[in-house]
Amino acid sequence: MTKELLNEFMNALIDGTLFGICFCFWMMIVIAVWRWFLGIVKRFLHWLNPKWFKPKTEETDKN
């Protein structure tokens with residue numbers, strides 16, 4: 001009974017570790033894809049209407 005309990009505990013540790021590693025890689029891939037997609041959307045919006053993305057001038061600082 002003790003060997004079985006220890007064996008199940010070790011298997012659970014290994015399964016949890018593999019799940020954690022795979023989950024971390026999956027999250028990194030999802031974040032990378034979303035960052036790429038949002039970059040594409042930003043470039044498309046900039047191309048669509050460049051007036052929205054004009055840099056702020058320093059005229060407000062001079063007053």
Side-chain angles (χ1 to χ4, degrees):
M1 184 69 176
T2 306
K3 282 186 177 182
E4 290 177 14
L5 185 63
L6 187 60
N7 194 13
E8 288 178 17
F9 180 68
M10 294 290 285
N11 284 336
L13 282 176
I14 293 170
D15 289 343
T17 301
L18 290 176
F19 174 77
I21 291 170
C22 291
F23 184 75
C24 287
F25 279 129
W26 181 78
M27 284 301 293
M28 284 191 272
I29 290 170
V30 167
I31 290 169
V33 168
W34 271 104
R35 287 189 67 201
W36 169 78
F37 179 71
L38 292 175
I40 295 291
V41 169
K42 182 180 175 184
R43 278 191 269 156
F44 175 73
L45 289 175
H46 183 67
W47 173 78
L48 191 64
N49 193 352
K51 288 188 280 185
W52 292 345
F53 296 95
K54 282 189 176 178
K56 295 180 180 177
T57 60
E58 295 183 9
E59 293 176 2
T60 56
D61 295 338
K62 291 179 182 177
N63 292 335

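From a predicted model like this one, the values you see are computed outputs, not experimental measurements.
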**Request:** Treating Ile, Leu, Val, Met, Phe, Trp and Tyr as nodes and any side-chain heavy-atom pair under 4.5 angstrom as an edge, say whether Leu45 and Trp36 lie in one connected cluster.
**Result:** yes

**Request:** Please round to the nearest 0.5 Å and tell me the distance separating atom NZ of Lys3 and atom CE of Met10.
**Result:** 14.0 Å

**Item:** Contacts of Asp15 that satisfy side chain to side chain contact (heavy atoms under 4.5 Å, CB included) - sequence neighbours left out
**Value:** none

**Asked** How many angstroms lie between atom CG of Leu6 and atom CG of Asn11, to the nearest 0.5 angstrom?
**Response** 10.0 Å

**By side chain to side chain contact (heavy atoms under 4.5 Å, CB included) - contacts of Trp26 (at least two apart)** = Phe23, Val30

**Prompt:** At what distance, to the nearest 0.5 angstrom, does CG of Leu13 lie from CG of Leu18?
**Reply:** 11.0 Å

**Asked** Taking only residues two or more places apart in sequence, or in another chain, which ones meet Trp34 in a ring-ring contact (aromatic ring centres under 6.0 Å, His included)?
**Response** Phe37

**Prompt:** Does Phe25 sit in a hydrophobic cluster with other residues, and if so which ones, taking ILVMFWY side chains as linked at heavy-atom separations under 4.5 Å, directly or through other members?
**Reply:** Ile21, Met28

